[in-house]
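These notes concern the structure reproduced below.
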Amino acid sequence: MKMIGASDLNQSYYAATAQAWETQASLASAEDCDIVVIGGGFTGLSAALACAEKGLSVILLEANSIGFGASGRNGGQLIPGLRWSMREIDAAFGRARAQAIFDLAYGAVDRVKNRIAEHHISCDAKSGHLEAAYKPAHFDAMQRDAAFLAQHFGWEAQIVPPQDVGRHISGGGYHGGIYDPQGGHFHPLNYALGLAKAAQKAGVRIYENSAAQTLADTGTHVEIRAGAGTVTAKHVIMAADTWTGGIAAQLSSYTVPIMNYNIATAPLSHADQLLPSDAAVADSRFVLNYFRLSADRRLIFGGGEKYVQQPPRDIAAFVRKHMVEVFPSLAHTPIDYAWGGAVGVTINRLPHMGRAGNVFFAHGFSGHGALVTTLAGELMAEAVIGTLSRFDVFANLPHNRFPGGKWLARPLATLGLLYYAMRDRL
Ligand SMILES: Cc1cc2nc3c(=O)[nH]c(=O)nc-3n(C[C@H](O)[C@H](O)[C@H](O)COP(=O)(O)OP(=O)(O)OC[C@H]3O[C@@H](n4cnc5c(N)ncnc54)[C@H](O)[C@@H]3O)c2cc1C
């Protein structure tokens, strides 16, 4: 399976600096297990590891290589919570549900930190995340959100007035921001590979280059065909993010893939001047710019989205123009790596989790998946053994399919996204 419009992972900074990983064989025989996990990103790896820890036998099928999807390509920004503020969640669902969502979504920070610590995952993890206000009105809303979060849920983030933004970032002309010391950044591919090694140690059988092609749920068990082999299992954990279409068509209309692009500059001698607190930064636009420093002092910058599958002819040039808006001094800085990936987005930007027969699924983290996916995998591992209370908090979130069916869903979603992108410019 080749991802639409995605540039090859080998061109990414992450692939060039990945920890050693022995490529795993493809599935070539008939196997059985308790749980078959489809997808070797954060969600699938976390689910597989958590299932194995519960004593279940697990097979993980990855169509390409571990971390090939968004998990090995993302901006590495660890942003606590979901795309909705707790103020929005509280208004939509009421305090009791909001508290349950808060406990999980913000508790996800500790789940990632615990996995890193317990499995000694070397992934350049750093603390500190700044959400930077692109407009004064955005800063007003951010302050209200931060005050609400502190007052009702006890989550303390720091309000950064406009005159203090320079402590975190020199450039961009931002109108204030919120600094969250509990957020941060990491090398996402190395986190994924660390999870994969931990899962293998716990007994998970991982097959790479093994795209699941068909899925049959008989009611008592499931059968998956992948490459030259088959797997029979009690349950499937579907963790293929926005690529579920080929095998679980009923899920695919809940997400659309939005292409997003990243670059890594050459190492910068003045990196500390650009981002003095070494925080990851994401701005408050709908089509946001986000950036951070790598361990070897490169600027890793993400900016600009494409609603067509085809990547820009020159990804580096496409992203550079956004980077130079924020950091004009980097206009002629060499760009060593440029890559892209698909962000699986739901209509309401909340993750879509649930169960259909013997298939448990979690996808559509809508650009906010670096933290919550680890938790989502663990919630599915709880659900397959019948512990549903935490899984149901997410599974009960309301979701709609993208309208337009197989052919029109994407163009219609594109129109909606273009509208919001246009509002950024007003
Ligand atoms: C460019 C980019 C930047 C991002 N930046 C951030 C960020 O800074 N912070 C943040 O929180 N989130 C970010 N995200 C989102 C985040 O990366 C995702 O939400 C998260 O990685 C999703 O993880 P996943 O495991 O669910 O899916 P993925 O990582 O996409 O994994 C799905 C896997 O399933 C495999 N697969 C697909 N079909 C099959 C099949 N039939 N059989 C077997 N395997 C299959 C794919 O090859 C893939 O490896 C970004 C995403 C992108 C693309």
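We count ligands from 1, going down the list as the structure has it; atoms in each ligand are counted the same way. Model, not experiment: these values are computed from the prediction.
- Atoms of ligand 1 found under 4.0 Å from any heavy atom of V343 (numbered from 1 in listed order, with element): 51 (C), 52 (C), 53 (C).
- The aromatic ring centroids of Y14 and H187 lie less than 6.0 Å from each other.
- Within the 6.0 Å centre-distance limit, the rings of H352 and F361 are counted as a close aromatic pair.
- Side-chain N or O atoms of R292 include one that pairs as donor or acceptor with a backbone N or O of G75 at under 3.5 Å.
- The distance from the NE2 atom of H322 to the CZ atom of R285 is 8.0 Å, given to the nearest 0.5 Å.
- Using a non-hydrogen distance threshold of 4.0 Å, G76 registers as a contact of ligand 1.
- Annotation: G44 places no N or O atom under 3.5 Å from an N or O atom of ligand 1; distance criterion only.
- Residues Y174 and L130 have side chains not in contact (no heavy-atom distance under 4.5 Å, counting atoms from C-beta outward).
- Aromatic pair Y261/F318: centroids less than 6.0 angstrom apart.
- Using a 4.0 Å cut-off to heavy atoms of W243, the atoms of ligand 1 that qualify are 37 (C), 38 (N).
- Heavy-atom proximity to atom 14 (N) of ligand 1, evaluated over I66, I258, N74, I38, is greatest for N74.
- Interface of H368 with ligand 1, defined as ligand atoms under 4.0 Å from a residue heavy atom, comprises 11 (O), 12 (N).
- Checking only distances, G369 does come within under 3.5 Å of ligand 1, N or O to N or O.
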Step by step, would you call F139 with V160 a side chain to side chain contact (heavy atoms under 4.5 Å, CB included)?
CA-CA 9 Å; F139 184 48; V160 182; 5.8 Å; no
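- L293 CG to K126 NZ: the interatomic distance, rounded to the nearest 0.5 Å, is 7.5 Å.
- Considering both main-chain and side-chain atoms, Q77 comes within under 3.5 Å of ligand 1 through a nitrogen or oxygen pair.
- Those atoms of ligand 1 that come under 4.0 Å of a heavy atom in G341, given as number and element, are 53 (C).
- Residue nearest to atom 41 (N) of ligand 1, selected from A212, G227, A47, G75: A212 (by heavy-atom distance).
- Among G69, A239, A192, the residue whose heavy atom sits closest to atom 32 (C) of ligand 1 is A239.
- Near G39, the atoms of ligand 1 lying under 4.0 angstrom from a non-hydrogen atom of the residue are 33 (C), 34 (O), 35 (C), 44 (N).
- The CD1 atom of I169 sits 9.5 Å away from atom OG of S277, with the distance rounded to the nearest 0.5 Å.
- No N or O atom of G340 sits closer than 3.5 Å to an N or O atom of ligand 1.
- Annotation: Y191 is in aromatic contact with F42 [ring centroid separation under 6.0 Å].
- Residue Y261 places no N or O, backbone or side chain, under 3.5 Å from any N or O of ligand 1.
- Ligand-side atoms of ligand 1 in range of I247: 41 (N), range being under 4.0 angstrom from any heavy atom.
- With a 4.0 Å cut-off on non-hydrogen atoms, A342 touches ligand 1 through its backbone and not its side chain.
- Between the side chains of N262 and Y290, a donor-acceptor pair is found at a separation under 3.5 Å.
- Annotation: T43 places an N or O atom under 3.5 Å from an N or O atom of ligand 1; distance criterion only.
- Atoms of ligand 1 lying under 4.0 Å from any heavy atom of F365, numbered from 1 in the order shown and given with element: 19 (O), 26 (O).
- Which parts of ligand 1 touch N262 is read off a 4.0 Å heavy-atom cut-off, strictly below it: atoms 1 (C).
- Aromatic pair H129/Y179: centroids not less than 6.0 angstrom apart.
- The distance between the ring centers of F327 and F291 falls below 6.0 angstrom.
- Looking at H363, R73, E62, it is E62 that brings a heavy atom closest to atom 48 (C) of ligand 1.
- The shortest N or O to N or O distance between A362 and ligand 1 is not under 3.5 Å.
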